[in-house]
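Each chain gets a letter, A, B and so on, in the order its sequence line appears, and its residues count up from 1. Quick caveat: nothing in here was measured; it's all calculated off a predicted structure.
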Amino acid sequence: MVWNDDNIEQLKRLWAEGLTTGEIGKELGVSKNAVVGKAHRLGLKSRPSPIKRGAKEAKPEPKIRSLVDLSAHTCRWPIGDPRDPGFHFCGKPTLPGKPYCAEHAAIAYVSSNRSKDEDAA
DNA sequence: CCCTGATTCGC
DNA sequence: GCGAATCAGG
């Protein structure tokens, strides 16, 4: 397909008239792909085609929890060493009345009541 | 499944 | 630069 000024003019005219790519293609004797391709290359206005290609996935970036993010319901379990960069707190919802979430409360309070164990032993 | 247009890809 | 192929939505 040779795109002369005449062809381009026809293309633009038909495109502006609102003809579909298929119609224009038929008119010019080319495939709709050629029409839409040329039209796009010419920078013609986009007709009703809300196609969104290149759907980029929104990636949830891991947010570091710092001290200021802590509230009464965020687990205060320290992750890492406080002196280390990137140190943060767990931040997951805490158990009622406890500063830790279920997961860390289990660790925090394990063997807290040693008296009976020691007494028994 | 048909149509539409947009973008990608090989020539 | 070209258009088919592919993608994507109605």
> What is the distance, rounded to the nearest whole Å, between atom CZ of R41(A) and atom P of dT8(B)?
Replying inline: 13 Å

> Under 3.5 Å, side chain of N7(A) to main-chain N/O of V2(A), donor-acceptor pair present?
Replying inline: yes

> For the base of dG1(C), is there a side-chain donor-acceptor partner from K38(A) under 3.5 Å away?
Replying inline: no

> Could you state the CE-C1' distance from M1(A) to dC11(B), rounded to the nearest angstrom?
Replying inline: 18 Å

>> Among dA5(C), dA6(B), dG3(C), which nucleotide has an atom closest to any side-chain atom of W15(A)?
In response: dA6(B)

>> Tell me the interatomic distance from K26(A), atom NZ, to dG3(C), atom C1', rounded to whole angstroms.
In response: 20 Å

> Which nucleotide sits closest to the side chain of K32(A): dG1(C), dT6(C), dG5(B)?
Replying inline: dG5(B)

> Below 4.0 angstrom from OP1 or OP2 of dG5(B), is there any side-chain N or O of H40(A)?
Replying inline: no

>> Parallel, tilted or perpendicular, judged at 30° and 60°: which one describes the rings of H104(A) and W77(A)?
In response: parallel

>> One thing to verify: whether E9(A) and R13(A) come together as a salt bridge, which I'm taking to mean a side-chain N less than 4.0 angstrom from a carboxylate O.
In response: no

> OP1, OP2 of dA6(B) versus side-chain N and O of S46(A): anything below 4.0 Å?
Replying inline: yes

> Where each residue is assigned the nucleotide of DNA chain C containing its nearest heavy atom, which of N33(A) and I8(A) is assigned the position nearer the 5′ end?
Replying inline: I8(A)

> Quick one: which of dA6(B), dT7(B), dA4(C) gets closest to the side chain of S31(A)?
Replying inline: dA4(C)

> Got L11(A) and W3(A) here, is their nearest side-chain heavy-atom distance under 4.5 Å?
Replying inline: yes

